[in-house]
Amino acid sequence: MAIKKVYSICGMCTVRCPIEAHVENGSCAFVQGNPYASGIEGAICARGAAGLALINDNERPQFPLIRVGKRGEGKWREVSWDEALDYTAGRLREVSEQHGSRSILFSDRGGPFRDLHQAFVRGLGSPNYSNHDASCARNVQHAALSLFGFGRKGVVYDLKNARHVVLQTRNIFEAINVKEVNDLTAAMEDGCKLSVIDIRSTVSSSKAHNFFLVRPGSDYAFNLAVIHVLLNKQLYDEEFVRLWMQDFNRLQEFIRPYTPQWAEGETGVPADDLVSFVKELAGARPAVVWHPGWMTARYRDSFYVSRSIYLINALLGSIGAKGGLAVANSPSDVGCKGLKKLADLFPKPEEKRVDGVGWRYKHFDAGPGLLHLAFKAIETEDPYPIKAYIAYRHDPLMGFPDPPVLKNTFNKLDFMLSVTFSWSDTAWFSDVVLPLSPYLERESIVACKNGLKPYFFLRQRAQEPRFDSRADWEIFTGLARRLGMNALAFDSIEDIWHYQLEGTGVAMRDFDATGMVPLSDGPVYRKVHELKFKTASGRIEVVSEKLEGQGLASLKPYEAPAKPPEGMFRMAFGRCPVHTQGHTVNNRLLNEQMAENVLWLNKTVAAEMKIVDDEEVEIAADGYVGRIKVMLTEFIHPEAVFMVHGFGHTLTVESRALGKGVADNCLMSKGLDLWDPAGGAIAMQEHFVTVRKLS
Ligand SMILES: Nc1nc2c(c(=O)[nH]1)N[C@H]1C(S)=C(S)[C@@H](COP(=O)(O)OP(=O)(O)OC[C@H]3O[C@@H](n4cnc5c(=O)[nH]c(N)nc54)[C@H](O)[C@@H]3O)O[C@H]1N2
Ligand SMILES: Nc1nc2c(c(=O)[nH]1)N[C@H]1C(S)=C(S)[C@@H](COP(=O)(O)OP(=O)(O)OC[C@H]3O[C@@H](n4cnc5c(=O)[nH]c(N)nc54)[C@H](O)[C@@H]3O)O[C@H]1N2
Ligand code: SF4
Ligand SMILES: [Mo]
């Protein structure tokens, strides 16, 4: 039988690896990584391989739905697309007329397809385009901005050429990005060293040359001591510092008290071990990647941890270096024209953002703002009311703390829409659910990946939708047409692609061979004196005017994390290799791999509590009580318990996920108010729980 190969982009997680889908008789039969993509070479992770189970899943929204019962009651009317889009457009128009277009809030997932959604929100006339990142990487983003003037994606982790990689709050071999895994594995085969700093052992730590098990929340102490050793023992890159570090003397002064001996008392890592580690790092510089972290919405000082990591990389001369945090090239950096932006179809709204970003909080990135502050504004109507909310590819009732409080907030809305390909608590709570075709059944706008070798890439439909679902471009152009946003009312995806590619010199047929169009012949590195920072001084700013202007410290003195109250544990969380957040738990293949989460508990502590391995216990915090099995290990810090995020589903429409395990975000009462004014993100690991033996 003839097999058709379709080059596309995985959508099982936010990484979006290039893939090759094999299609037989119009059905997708097999998926693998795109063999032509560097660092992928045919590879895919378990979740990517389970993409077929997603399209074959009958337990996902199959038709447009309009709520008939109370919010969250799960009573729906199945409607045609015409009715759903007419109804949605009508409700959005009503809100706009009554409260102004600014009263519509949209939350998205960051990434290469956001231009279409940003265009839609601009077309609506609202400044309130937001995303999930206040619950993910905002602290890293803001740390990069405060030091370099550009965001975290202004550099790439050149793992392939690194000689020493440090992972701190980053579990690369389980929280997967296929290219990163492959590049790091290849580098390690060539002698690259790996050091891991975590509160528990992971697959990453099991492969590491150095593993530091630190007290939860003490990372800043560890890093300050590293800087202390680098400076005190003159191990840093003097040329880089002379060229690029502004206010270096302020760092020298600040770091004096933070000796390795002092840090030992905070982190539990012996001072001598830390000193030898720093010497190893200095020996490998500048080909060092100390990863600044990804899911860093954890502590009140996570922003300063990320800042300290970037400073360490700078001291090692690894910013911009081959094998370090090399500069990510955009198309214009390699002499090409970038994609024409759909957002430019409409003027930028002049209205202030409802979350205060850009005016009340001048030090934050206005791009997607801070969603938890927009949620707060729904409640307070300060500075103005928000009356409609569109959750696109977003499940804040699982991805943000304290769902009961958030539901109350959502109850103040006149209209709530969810666009999604799987059920979620947020979709269940919405007024309209528009079923998105899963990625193998839809095409997306052309995407651009900045990097050492920037390229354009394309998501193409591998098969027709099994149900009455649609692609996002179909949904948003359909709404645009009904709302009189004519510029965005494209008739076909080809029209959108042609618009985007205008002036780039790239044609659609250029994607045929591999699904990707590289914009440079090979990787392009900058020499150290060619670096460019977008700060006022043009250098890396140890002291940030923007932070200081808001009354915030650039170099924050260390404050030890709170000790868990007697009989309680700090609630820690993270990922596992076979699930993506909460949205794959009901996937048949992945559910077979891991159906429920367990509670990691320190063995010695468990023995004192007479809890044995695999026993079911009660976990509770502030009125929320759950039951979960324990997994005992000596390799977790005794102050913490840990669980994989995304479990504890309660929707009856998801039979495989229903009632399995516990949802970590339910254990974070009042957590929406716990956020860092310097970094902007929510601090989700500042919560304590009790664990009780049942019998
Ligand atoms: N398989 C899989 N891969 C994914 C995802 C997924 O859902 N599944 N999601 C993607 C997304 S959106 C993201 S943001 C990334 C997240 O990627 P990561 O941030 O690497 O993933 P996490 O597992 O959240 O956290 C990493 C580690 O932080 C540790 N940790 C917790 N508290 C502390 C602490 O106080 N100090 C230190 N040093 N370590 C601590 C945890 O034990 C965990 O091992 O993964 C991406 N890749
Ligand atoms: N307590 C706690 N909270 C967390 C975390 C944690 O570890 N613990 N992790 C945080 C992190 S790192 C992140 S990134 C966020 C993630 O938070 P979310 O972005 O909300 O999580 P997802 O489950 O990836 O996606 C949400 C919904 O989008 C739908 N979806 C997935 N892909 C697509 C798509 O391509 N298009 C559309 N329209 N819909 C899609 C899914 O069906 C799912 O219902 O959560 C954060 N919140
Ligand atoms: S890391 Fe896995 S799930 Fe995520 S995009 Fe890549 S293949 Fe897909
Ligand atoms: Mo994330």
Side-chain angles (χ1 to χ4, degrees), residues 8-19 31-34 37 39-40 42-51 54 109-111 131-138 140 166-182 195-205 211-223 267 269 291-299 301-302 305 309 399 439 459 561 570-585 587 590 593-594 600 635-637 639-646 664 681 683-686:
S8 195
I9 305 176
C10 182
M12 291 297 283
C13 88
T14 192
V15 171
R16 303 182 182 90
C17 300
I19 52 170
V31 187
Q32 64 170 9
N34 186 328
I40 299 280
I44 201 168
C45 83
R47 297 164 298 147
L54 169 64
R109 193 65 183 255
N131 73 12
H132 74 293
D133 212 35
S135 65
C136 179
R138 271 300 92 175
V140 194
V166 185
L167 302 176
Q168 181 173 32
T169 325
R170 175 79 185 94
N171 181 9
I172 231 169
F173 289 105
E174 291 178 273
I176 294 171
N177 168 320
V178 173
K179 179 171 161 53
E180 287 186 3
V181 170
N182 287 348
S195 297
V196 170
I197 307 159
D198 206 305
I199 59 157
R200 61 177 188 124
S201 71
T202 61
V203 174
S204 304
S205 71
F211 173 38
F212 303 107
L213 195 149
V214 293
R215 181 175 172 227
S218 69
D219 294 81
Y220 191 44
F222 187 96
N223 296 3
T267 63
V269 175
H291 196 294
W294 190 351
M295 200 302 170
T296 47
R298 293 186 191 268
Y299 296 102
D301 68 357
S302 292
V305 175
I309 297 176
Y439 64 100
R459 171 179 282 152
R570 188 179 286 274
M571 180 66 230
F573 54 80
R575 331 255 127 245
C576 66
V578 296
H579 283 296
T580 300
Q581 319 290 2
H583 80 257
T584 58
V585 177
N587 178 297
L590 298 174
Q593 296 299 313
M594 180 174 172
W600 291 45
F635 300 111
I636 180 168
H637 194 279
E639 278 185 16
V641 286
F642 172 92
M643 69 172 72
V644 171
H645 168 63
D664 58 342
M684 292 202 240
Q685 241 171 246
E686 300 282 10

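First listed ligand is number 1; within each ligand, the first listed atom is number 1.
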Enquirer: Any N or O of T14 that comes nearer than 3.5 Å to an N or O of ligand 1?
Expert: no

Enquirer: Please classify the R109 to ligand 1 contact at 4.0 Å (heavy-atom distances, strictly less than): side chain, backbone, both or neither.
Expert: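 It is the side chain that touches ligand 1; the backbone stays farther off.
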
Enquirer: Could you go through R575 and Q581, starting from their C-alpha distance and side-chain angles, then the distance that decides it, and tell me whether this counts as side-chain contact (heavy atoms from CB on, under 4.5 Å)?
Expert: CA-CA 7 Å; R575 331 255 127 245; Q581 319 290 2; 2.7 Å; yes

Enquirer: Any idea which heavy atoms bring S218 and P561 closest together, and the distance?
Expert: N-CG, 4.3 Å

Enquirer: Which atoms of ligand 3 have any heavy atom of I44 under 4.0 Å away?
Expert: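 Result: 7 (S).
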
Enquirer: Is T202 touching ligand 1 with its side chain, its backbone, both, or neither, if touching means heavy atoms under 4.0 Å apart?
Expert: side chain

Enquirer: If the contact criterion is a heavy-atom separation under 4.0 Å, does C576 count as touching ligand 1?
Expert: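 It does; at least one heavy atom falls under 4.0 Å.
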
Enquirer: Can you find an N or O of C13 that's nearer than 3.5 Å to an N or O of ligand 1?
Expert: no

Enquirer: Please list, in chain and residue-number order, the protein N/O/S atoms closer than 2.8 Å to atom 4 (Fe) of ligand 3.
Expert: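 Correct list: C13 SG.
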
Enquirer: Less than 4.5 Å apart, any side-chain heavy atom of I176 and any of V15?
Expert: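 A side-chain contact is absent here, since even the closest heavy-atom pair is not under 4.5 Å.
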
Enquirer: Please list, chain by chain and in numerical order, all residues satisfying salt bridge (charged side-chain N to carboxylate O under 4.0 Å, His left out) with R570, sequence neighbours excluded.
Expert: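 So R570 forms a salt bridge (charged side-chain N to carboxylate O under 4.0 Å, His left out) with E686.
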
Enquirer: Looking only at N/O atoms, are P216 and ligand 1 under 3.5 Å apart anywhere?
Expert: no

Enquirer: Do ligand 1 and Q685 have nitrogen or oxygen atoms that lie under 3.5 Å from each other?
Expert: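 Among all N and O atoms of Q685, at least one is under 3.5 Å from an N or O of ligand 1.
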
Enquirer: Do any nitrogen or oxygen atoms of M295 lie less than 3.5 angstrom from nitrogen or oxygen atoms of ligand 1?
Expert: yes

Enquirer: Any N or O of A572 that comes nearer than 3.5 Å to an N or O of ligand 1?
Expert: no

Enquirer: Tell me, please, whether F222 has R215 positioned over its six-membered ring: NZ or CZ under 6.0 Å from the ring centre and within 45 degrees of its axis?
Expert: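 Judged by the rule, R215 and F222 form no cation-pi pair.
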
Enquirer: Applying a heavy-atom cut-off of 4.0 Å, say which part of A640 lies close to ligand 1: side chain, backbone, both or neither.
Expert: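 It is neither; nothing of A640 touches ligand 1.
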
Enquirer: Under 4.0 Å, heavy atoms only, figure out whether ligand 1 is touched by the backbone of Q581, its side chain, both or neither.
Expert: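 For Q581, the contact with ligand 1 is made by both the backbone and the side chain.
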
Enquirer: If we only count N/O pairs under 3.5 Å, is C136 in contact with ligand 1?
Expert: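 Among all N and O atoms of C136, none is under 3.5 Å from an N or O of ligand 1.
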
Enquirer: Report yes if R215 has an N/O atom closer than 3.5 Å to an N/O atom of ligand 1; otherwise report no.
Expert: no

Enquirer: I would like to know whether R47 and T580 meet side chain to side chain donor-acceptor pair (under 3.5 Å); could you show each step before the answer?
Expert: CA-CA 7 Å; R47 297 164 298 147; T580 300; 2.8 Å; yes

Enquirer: Give the minimum heavy-atom separation between Y299 and A683, together with the two atoms involved.
Expert: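 Shortest heavy-atom separation between Y299 and A683 comes out as C-CB, 3.6 Å.
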
Enquirer: Could you tell me whether H645 approaches ligand 1 through its side chain, its backbone, both or neither, with non-hydrogen atoms closer than 4.0 Å?
Expert: neither

Enquirer: Against ligand 1, does Y299 come closer than 4.0 Å with any heavy atom?
Expert: yes

Enquirer: Does any N or O atom in R298 lie less than 3.5 angstrom from one in ligand 1, N or O only?
Expert: yes

Enquirer: Before signing off on this row, confirm whether W294 and ligand 1 have an N or O atom pair separated by under 3.5 Å.
Expert: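 There is no such contact.
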
Enquirer: By ring pair (Phe, Tyr, Trp, His ring centres under 6.0 Å), which residues pair with H579, not counting sequence neighbours?
Expert: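 Residues passing ring pair (Phe, Tyr, Trp, His ring centres under 6.0 Å) with H579: F647.
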
Enquirer: Considering only heavy atoms, does T169 approach ligand 1 within less than 4.0 Å through its side chain, its backbone, both, or neither?
Expert: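 Answer for T169: both.
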
Enquirer: Which residues pass the ring pair (Phe, Tyr, Trp, His ring centres under 6.0 Å) test with H645, not counting sequence neighbours?
Expert: none

Enquirer: Using every non-hydrogen atom in the two residues, find where V140 and W294 come nearest and quote the distance to one decimal.
Expert: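 Looking at all heavy atoms of both residues, the closest pair is CG2-O, 4.1 Å.
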
